[in-house]
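Working notes, beginning with the structure itself.
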Number of protein chains: 2
Amino acid sequence: MNRPDLGAMLMRLARQLLAVEQPILEKHDISMWGYAVLTGLGDGPDEPMRTQAALARSIGADKTRIITTLDELQRRGLIEREPDPADRRVRLLRLTPAGRDLLTATQTAIRAAEETVLAQLPPADRRVFLQALQSLSDAAG
Amino acid sequence: MNRPDLGAMLMRLARQLLAVEQPILEKHDISMWGYAVLTGLGDGPDEPMRTQAALARSIGADKTRIITTLDELQRRGLIEREPDPADRRVRLLRLTPAGRDLLTATQTAIRAAEETVLAQLPPADRRVFLQALQSLSDAAG
DNA sequence: TATTGTTATACTCTATAACTATA
DNA sequence: TATAGTTATAGAGTATAACAATA
């Protein structure tokens, strides 16, 4: 079995994915971190996320790194962000309907672009690949 | 099929791999870019690589980004780097025996670390996963 | 004039630490 | 005193452009 290093192959493919997604994000007028935040807020149950630090951790970012992103998403009416009455240090975060709409539209376009990359795999291999990747990615969390 | 975005899963797994490999690289006293360069020079046929720009492209780097790396690898006697007599603008690049030894030792350790990550996959899935990843990664080149 | 390699510079991204407000 | 959020600053990493040498 002679193959490139696992890390090298992952980096290469991830880089291509980023390049493919970049124009889609621009077209939907959202940054990569902005999209990551919308995804992080949209994925879970319908309850608001309870702290910015938890959101940052869930998307693999530093808590200081997402603040300007949150500022802008809030300014554009895509998220709500209000102090928790029970502990006013905490900010409750949730998508607005507009934020949900933007997330859905963007994610649909991104999934379609992923299809063009995955299309070269035979359906059976593709199923195993995605399942294995998700399992490894979950374990990496 | 409800799963995270392909790009998000790849980034997450790649980040874990980098974290796992970092201590190994330090132990072998080589930087990530240094290791990438050694790998790029060691992979192909035995002939020297003909330009630094070609090497940079093959490992996904900018030609200006690898120069300090090449400087250090040469200073440490891990690579040879000499003007091509036929076109003195060009630098012929190749591993020295010491560079080959370091590459082999480091790669062996990195492969072993990858095993611990891949071990959670059933052997059949693992085989398909690696094959599919290599195919996608090659196509991304 | 075109190409390879190099250097310099500016820019972005990221990490760290200090600060505020609440508890 | 401890925690959530914010701001400021310094450092690393990266991209761009200008330059030197050779063709």
Side-chain angles (χ1 to χ4, degrees), chain A residues 7-8 11-12 14-19 21-23 25-26 30-37 40-41 47-75 79-94, chain B residues 7-8 11-12 14-19 21-23 25-26 30-37 40-41 47-75 79-94:
Chain A
M11 287 298 290
R12 192 166 207 164
R15 198 149 41 194
Q16 185 202 18
L17 258 291
L18 286 186
E21 293 176 3
Q22 194 65 39
L25 294 173
E26 283 172 17
I30 187 83
S31 69
M32 191 190 59
W33 283 116
Y35 178 65
V37 164
L41 291 177
E47 297 158 17
M49 183 141 322
R50 266 199 33 81
T51 77
Q52 297 181 180
L55 171 61
R57 202 172 334 109
S58 78
I59 64 177
D62 191 276
K63 66 171 180 170
T64 68
R65 207 155 57 188
I66 64 172
I67 289 184
T68 56
T69 302
L70 293 174
D71 289 345
E72 195 196 334
L73 293 176
Q74 182 180 23
R75 184 184 58 72
I79 64 170
E80 280 180 21
R81 183 201 204 182
E82 56 184 2
D84 182 348
D87 181 346
R88 297 215 309 281
R89 293 173 302 183
V90 169
R91 303 282 175 276
L92 299 179
L93 303 166
R94 90 192 108 216
Chain B
M11 287 298 291
R12 192 166 207 165
R15 200 151 36 194
Q16 184 202 20
L17 258 291
L18 287 187
E21 293 175 3
Q22 194 64 41
L25 294 174
E26 283 172 17
I30 187 83
S31 69
M32 191 190 60
W33 282 115
Y35 178 65
V37 164
L41 290 178
E47 298 158 18
M49 184 141 319
R50 265 197 37 80
T51 76
Q52 297 182 181
L55 171 61
R57 201 172 334 110
S58 78
I59 63 176
D62 191 275
K63 66 172 179 171
T64 67
R65 207 155 57 188
I66 64 172
I67 289 184
T68 55
T69 302
L70 292 174
D71 289 344
E72 194 196 336
L73 293 176
Q74 182 180 24
R75 184 183 58 74
I79 65 171
E80 281 180 21
R81 184 201 204 182
E82 56 185 1
D84 182 347
D87 181 347
R88 297 214 309 284
R89 293 173 302 181
V90 169
R91 302 282 174 275
L92 299 178
L93 304 166
R94 92 193 106 215

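Convention: sequence-line order gives letters A, B, ...; per-chain numbering from 1.
When DNA chain D is scanned 5' to 3' for any atom under 4.0 Å from a heavy atom of chain A, the first and last hits are dA2(D) to dT7(D).
The side chain of W33(A) lies closest to dT14(C) when the candidates are dT4(C), dT14(C), dA17(C).
Protein atom CZ of R88(B) is 16 Å distant from nucleotide atom P of dT4(C), rounded to whole Å. For the pair R91(A) CZ and dA21(C) C1', the computed distance is 9 Å after rounding to whole Å. The interatomic distance linking R81(B) (CZ) with dG5(C) (C1') rounds to 9 Å, in whole Å. We find that CG of D87(B) is positioned 12 Å from C1' of dA2(C), with the value rounded to whole Å. Rounded to whole Å, atom C1' of dT4(C) lies 12 Å from atom CG of L92(B). Atoms CZ (R15(B)) and C1' (dA15(C)) sit 14 Å apart, rounded to a whole Å. As rounded to whole Å, 8 Å separates atom P of dG5(C) from atom CD1 of I67(B). When the P atom of dT7(C) is taken as reference, atom CD1 of I66(B) falls 13 Å away, rounded to whole Å.
Position along DNA chain D of the nearest nucleotide to V90(A) versus D71(A) favours V90(A) as the more 5'-ward residue. Judged by closest nucleotide on DNA chain C, L70(B) is the one of L70(B) and A86(A) placed further toward the 5' end.
Closest approach of A61(A) and I66(A) over heavy atoms only: CB-CG2, 3.8 Å. The heavy-atom pair separating L55(A) from L70(A) by the smallest distance is CD2-CD2, 4.1 Å. In terms of heavy-atom proximity, M11(B) sits nearest to A14(A) at SD-CB, 3.9 Å. Contact detail for P83(A) and R88(A): the closest heavy-atom pair is CB-O, 4.1 Å. For the residue pair A19(B) and P23(B), the shortest heavy atom distance occurs at O-CD, 3.2 Å. Heavy atoms only, all atoms of each residue included: L25(A) and M32(A) are closest at CD1-CA, 3.9 Å.
Across R81(A), M49(A), R50(A), a single residue satisfies side-chain contact (heavy atoms from CB on, under 4.5 Å) together with L92(A), and that is R50(A).
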